[in-house]
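Just so you know, these numbers come straight off a predicted model, no measurement behind them. Atoms within a ligand are numbered from 1 in the order they appear, just like the ligands themselves.
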Amino acid sequence: MNMFKSFLLKYAEIGVKGKNRYVFEDALVSQIKRALDGIDGRFEVRKVSGRIYAQALEEFDYDEAVDALKKVFGLVGICPLVQFDDSGFEDLALKVIEYMDKMYPDKKKTFKVFTRRARKNYPMDSTEINMEMGSRILDAFPEMSVDVHNPDIKLNIEIREQINIYSEIIPGLGGMPLGTAGKAMLLLSGGIDSPVAGYMTAKRGVTLEATYFHAPPYTSERAKQKVIDLAKKMSVYTGPIKLNIVNFTDIQMYIYERCPHEELTIIMRRYMMKIAEHFAKESDCLGLVTGESIGQVASQTMQSMLVTNAVCTLPVYRPLVAFDKQDIVDVACKIDTYETSILPYEDCCTIFVAEHPATKPKLSCIEKSESHMAGKIDELMEKAIETVEIAYVK
Ligand code: ATP
Ligand code: MG
């Protein structure tokens, strides 16, 4: 049985003031509930005078709970609490000593007691409690010592309706709670980058929807399943994702047939953007998100991005634009998408790809090439949109 029955959940309050603070806190509470819903054991999540507590209503797996809380955007600290009713100072001192004993088997440590007395009718004030508790701890554990400047252990005692003690602050993810920043459409491929781009965007509180383009029969069911699996892994952090799966084969073939092959990649990307933007607008998304990073591959030059952006009316967010590959890989590993991303299934982009794709496309040339598809391409786009397959991933 673990001694913790609840958590004090800390968030950064900078910039969250006035009315926005309630929006922020309510969104955070609902995300904490969602995270804890996924584990065994029921919790009550409450907002009490500007703080959030998650209280276990039955036995639960401590590691599993901490792990779930570590995936909630907006939390900066997770403090496992020992909580009990006030039965006087002597009882409190016993419980604190028991706590210190269990938490710190190695007693060669320095500590400092921090008391907050929110309930002013407690018979001792916080300074008195700090002093007295300090000497009780020293009596019980002579190997421990007090360090008021840089203690190993910051023992917090909070006198509220109940009494809380805690000394561990497990770092949270930071960011903003999901649902506080509108919705965006992620272009999700099976690669390493786009899941990371989606994660980074969601970390700022943005709700995600996603669009994936495949080219059956040139791309397989397994490639599609891989993208669904990636969305599922992302959803642990981002919440449920509506995934639009678009059959891009006819468009891709038609581009191949009518346009210069070195321009295939950029033209394809423009049509992907157009279609993704269609779904984005249908779902009230405020922007598109891609996993592009300047110079990562030949097609990800600033010229290419300029030409790609020209077909979009929504802003295109590229959170990885200035990331090095290794930094992206590090995040992919952290969020557990990496192993799935590197599975070697085909991607529609690689199928008809030219050996030397244009790296400095000019908008006027690209538009001219695209004009060779006038007449039929609109019809193919409509068909791709009409035949979209939707997966709700969570
Ligand atoms: P990723 O690792 O995300 O696949 P990448 O390094 O392979 O990126 P590109 O293939 O140039 O780079 O793709 C750039 C971006 O375009 C991707 O990050 C993604 O946002 C989008 N994209 C590429 N292919 C697809 C696809 N088949 N479906 C949806 N989006 C795609
Ligand atoms: Mg890719």
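Taking the charged nitrogens against the carboxylate oxygens, Lys233 and Asp229 have no contact shorter than 4.0 Å, which rules out a salt bridge. Using a 4.0 Å cut-off between charged side-chain N and carboxylate O, Asp67 and Lys71 make a salt bridge. The residues Glu370 and Arg258 are annotated as not salt-bridged, no charged nitrogen and carboxylate oxygen being separated by less than 4.0 angstrom.
Among the atoms of Tyr212, none of the N or O lies under 3.5 angstrom from an N or O of ligand 1. In terms of polar-atom proximity, defined here as any N/O pair under 3.5 Å, Gln300 does make such a contact with ligand 1. Residue-to-ligand polar distances keep Pro195 apart from ligand 1: every N/O pair is separated by 3.5 Å or more. At a 3.5 angstrom cut-off on N or O pairs, Ile192 counts as close to ligand 1. Where the criterion is an N or O separation shorter than 3.5 Å, residue side chain and backbone included, Met272 fails it with respect to ligand 1. Any N or O atom pair closer than 3.5 Å counts here, and Lys325 shares no such pair with ligand 1.
Of the heavy atoms in Leu188, only backbone atoms (N, CA, C, O) come closer than 4.0 Å to ligand 1. Contacts between His214 and ligand 1 below 4.0 angstrom, taking non-hydrogen atoms only, are absent altogether. In Thr211, the part holding a heavy atom less than 4.0 Å from any atom of ligand 1 is the backbone.
Note: Phe248 and Tyr271 fail the aromatic proximity criterion, with ring centroids not under 6.0 Å apart.
Taking the six-membered ring where the residue is Trp, His261 and Tyr256 present parallel rings, their angle staying beneath 30° rather than reaching 60°.
Taking every heavy atom of Gly291 and a limit of under 4.0 angstrom, the matching atoms of ligand 1 come to 17 (C), 18 (O), 20 (O). Each of the atoms 20 (O) of ligand 1 lies under 4.0 Å from some heavy atom of Thr290. Here is the list of ligand 1 atoms found below 4.0 Å of a heavy atom in Asp347: 27 (N). With ligand atoms numbered from 1 in the order given, ligand 1 contributes 1 (P), 2 (O), 4 (O) to contacts under 4.0 Å with heavy atoms of Gly191.
With no hydrogens or angles considered, a side-chain donor-acceptor pair links Arg51 and Tyr53 at under 3.5 Å. A donor atom on one side chain and an acceptor atom on the other are not found under 3.5 Å apart for Thr337 and Tyr199.
Nearest to atom 10 (O) of ligand 1 by heavy-atom distance, out of Arg318, Arg269, Gln296, Met273, is Arg269.
A cation-pi geometry, defined here as NZ or CZ lying under 6.0 Å from the six-membered ring centre and within 45° of its normal, does not hold between Lys154 and Phe111.
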Ignoring hydrogens and angles, write down the donor-acceptor pairs under 3.5 Å from the side chains of residues 318-328, residues two or more places apart or on other chains.
residue: Arg318; atom: NE; partner: Glu292; partner atom: OE1; Å: 2.7
residue: Arg318; atom: NH1; partner: Asn309; partner atom: OD1; Å: 3.1
residue: Arg318; atom: NH2; partner: Glu292; partner atom: OE1; Å: 3.4
residue: Arg318; atom: NH2; partner: Asn309; partner atom: OD1; Å: 2.9
residue: Lys325; atom: NZ; partner: Asp193; partner atom: OD1; Å: 2.8
residue: Lys325; atom: NZ; partner: Asp193; partner atom: OD2; Å: 3.2
residue: Lys325; atom: NZ; partner: Gln296; partner atom: OE1; Å: 3.4
residue: Gln326; atom: NE2; partner: Asp330; partner atom: OD1; Å: 2.9

